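Reading through the structure tokens given below for one structure.
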Amino acid sequence: AALTLLVVFLIFADISEIEEEIGNSGGRGTIRSAVNSLHSKSNRKQILKFLDAEKDISVLKGTLKPGDIIHYIFDRDSTMNVSQNLYELLPRTSPLKNKHFGTCAIVGNSGVLLNSGCGQEIDAHSFVIRCNLAPVQEYARDVGLKTDLVTMNPSVIQRAFEDLVNATWREKLLQRLHSLNGSILWIPAFMARGGKERVEWVNELILKHHVNVRTAYPSLRLLHAVRGYWLTNKVHIKRPTTGLLMYTLATRFCNQIYLYGFWPFPLDQNQNPVKYHYYDSLKYGYTSQASPHTMPLEFKALKSLHEQGALKLTVGQCD
Ligand code: CTP
């Protein structure tokens, strides 16, 4: 109980510190600072020591064959066989081979995006990364529409598509996948055994309906590499969130990185409640109970990079 109290205290101490700084920034919630390309560059250099982002972004066809056995990263005792469908969908070359972008947006899923009016700004970036198939159409004014890469944790199939229990849900997922229209669909298939069937369902749907997406399945080393980089920087992250994985990968391809929808706190800077996700009713405690993410700690690290000018965090309205 004492430990829980301490954790709660630390989280809230964190929020007030962050809010104080945002309050002092003079902006309407946007922490103002330009992205300094020198800082971005040195940051990238450091990250590249741990990570070969071009490779680690996806396992390639040449490295696996159907029937190969893979141990799940978080459930080392459990294994999966590489199915024919998964094999078919592995890319032959890295989906981001030789790619470089001027500016990239990484869009997290915090409710802080609601009423932000950031849609246009987000869509103006050369490369836009989104997380967990978050809906865009109904929220375009605040989150934009452009999607170059979107992640999909297998748990999304359960949470947002009712585990495809009937034809209606299958159709909903299919429509969402069709709407991706050639972008990269990034599926962490080798993380936890719980995702096994869900990944197979999605793979099957994509193949059966000839969905126009470029599938990518992060390498087995990615998580360790990302964790290793942050640990070296004294950020002790057990299980990096999708948002942090995306940021770390993006440093390889993007000169300047802008983050939106990163706000893992229940209140905004004006003490108004903030939804955990902008699009669903998932509640706040979800992170601490069901998953070992340490979002506030990650946020602190990202905020510190923002202050150094290595990235730009927008946590309120866009101009
Ligand atoms: N995020 C945030 N604040 C929130 C919600 C999300 O900063 N209130 C960021 C996190 O970096 C997160 C990303 O947005 O990784 C995408 O959100 P979500 O889909 O909830 O992320 P996951 O990390 O994939 O969560 P889970 O493992 O629970 O699926």
Side-chain angles (χ1 to χ4, degrees), residues 11 14-15 18-19 22 29 31 72-74 104-114 116 118 122 128-136 139 142-143 147 149-161 176 185-192 194-195 198-199 202 218 222-223 226-227 230 235 237-250 257-269 272-306 311-316:
I11 290 176
D14 247 9
I15 300 175
I18 290 157
E19 283 168 352
I22 291 167
I31 308 175
Y72 285 104
I73 298 169
F74 294 125
C104 298
I106 303 176
V107 187
N109 285 335
S110 162
V112 82
L113 279 165
L114 293 171
S116 68
C118 287
I122 290 173
V128 179
I129 298 176
R130 299 182 190 272
C131 302
N132 285 324
L133 285 182
V136 286
Y139 303 92
D142 295 328
V143 310
T147 302
L149 183 154
V150 65
T151 71
M152 192 211 83
N153 285 350
S155 56
V156 169
I157 300 304
Q158 180 198 12
R159 279 209 311 261
F161 298 95
R176 182 72 186 99
L185 177 64
W186 192 84
I187 307 176
F190 314 125
M191 300 281 179
R198 293 169 184 135
V199 172
V202 174
L222 176 73
L223 211 100
V226 169
R227 206 157 43 182
W230 289 98
V235 184
I237 291 164
K238 270 211 175 129
R239 199 187 276 205
T241 64
T242 304
L244 194 75
L245 286 174
M246 287 300 116
Y247 167 72
T248 317
L249 276 173
I257 298 179
Y258 291 71
L259 305 183
Y260 304 85
F262 283 65
W263 184 260
F265 308 109
L267 296 177
D268 70 9
Q269 60 267 30
N272 296 314
V274 177
K275 286 182 71 183
Y276 180 65
H277 282 160
Y278 67 83
Y279 52 87
D280 64 21
S281 53
L282 214 58
K283 290 288 174 256
Y284 221 81
Y286 164 78
T287 32
S288 46
Q289 287 157 20
S291 92
H293 289 329
T294 38
M295 278 194 200
L297 183 69
E298 290 185 4
F299 184 86
K300 208 172 169 191
L302 293 169
K303 181 174 138 281
S304 154
L305 287 169
H306 166 88
L311 58 84
K312 186 178 175 190
L313 255 174
T314 295
V315 297

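In this text the structure is predicted, and so the values were computed from the model without any measurement. Start at 1 and go down the list; that is how both ligands and their atoms are numbered.
- Residue contacts with ligand 1, taken as heavy atom pairs separated by less than 4.0 Å, involve Pro264 via backbone and side-chain atoms alike.
- Contact annotation: the side chain of Asn272 never approaches that of Leu267 to less than 4.5 Å [non-hydrogen atoms, C-beta and beyond].
- Interface of Arg159 with ligand 1, defined as ligand atoms under 4.0 Å from a residue heavy atom, comprises 29 (O).
- Remark: ligand 1 atoms within the under-4.0 Å shell around heavy atoms of Cys131 are 16 (C).
- In the vicinity of His277, heavy-atom distances shorter than 4.0 Å reach the ligand 1 atoms 18 (P), 19 (O), 20 (O).
- Residue-ligand proximity: Met246 is placed with every non-hydrogen atom at 4.0 Å or more from ligand 1.
- With a 4.0 Å cut-off on non-hydrogen atoms, Asn153 touches ligand 1 through its side chain and not its backbone.
- The atoms of ligand 1 that sit less than 4.0 Å from any heavy atom of Thr242 are 15 (O), 22 (P), 23 (O), 24 (O).
- Set against the non-hydrogen atoms of Gly261, the atoms of ligand 1 under 4.0 Å away are 1 (N), 2 (C), 7 (O).
- Atoms of ligand 1 lying under 4.0 Å from any heavy atom of Asn132, numbered from 1 in the order shown and given with element: 18 (P), 19 (O), 21 (O), 22 (P), 24 (O), 29 (O).
- When heavy-atom distances to ligand 1 are checked against a 4.0 Å cut-off, Trp263 comes that close only through its backbone atoms N, CA, C and O.
- Just one of Val136, Leu259, Val128 meets the side-chain contact (heavy atoms from CB on, under 4.5 Å) condition when paired with Val107; it is Val128.
- The parts of Asn109 lying near ligand 1 are both backbone and side chain, judged by heavy-atom distances below 4.0 Å.
- Using modelled atom types and a 3.5 Å distance limit, the side chains of Thr248 and Trp230 yield a donor-acceptor pair.
- Note: Cys131 SG to Met246 CE = 7.0 Å, rounded to the nearest 0.5 Å.
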Exercise for the section: Given side-chain contact (heavy atoms from CB on, under 4.5 Å), test Trp186 with Leu245 step by step and report yes or no. Expected result: CA-CA 11 Å; Trp186 192 84; Leu245 286 174; 4.0 Å; yes

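- Remark: ligand 1 and Lys275 share no N or O pair separated by less than 3.5 Å (distance only, no angle test).
- Polar contact check, Leu244 against ligand 1: no nitrogen or oxygen pair lies under 3.5 Å apart.
- Scanning all heavy atoms of the two residues, the minimum distance from Leu313 to Lys303 falls at CD1-CA, 3.7 Å.
- For ligand 1, the atoms closer than 4.0 angstrom to any heavy atom of Phe262 are 2 (C), 7 (O), 11 (O).
- Considering backbone and side-chain N/O of Glu298, none are found under 3.5 Å from N/O of ligand 1.
- Side-chain atoms of Thr294 never come within 3.5 Å of backbone atoms of Leu297 as a donor-acceptor pair (strictly under, hydrogens ignored).
- Between Tyr279 and ligand 1, no pair of N/O atoms sits closer than 3.5 Å.
- Of the possible donor and acceptor atoms, one in the side chain of Glu298 sits under 3.5 Å from a partner among the backbone N and O of Thr241.
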Problem - ring-ring contact (aromatic ring centres under 6.0 Å, His included) between Phe299 and Phe265, worked out - result: CA-CA 10 Å; Phe299 184 86; Phe265 308 109; 5.3 Å; yes

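- The six-membered or imidazole ring of Tyr278 lies near that of Tyr139, with a centre-to-centre distance under 6.0 Å.
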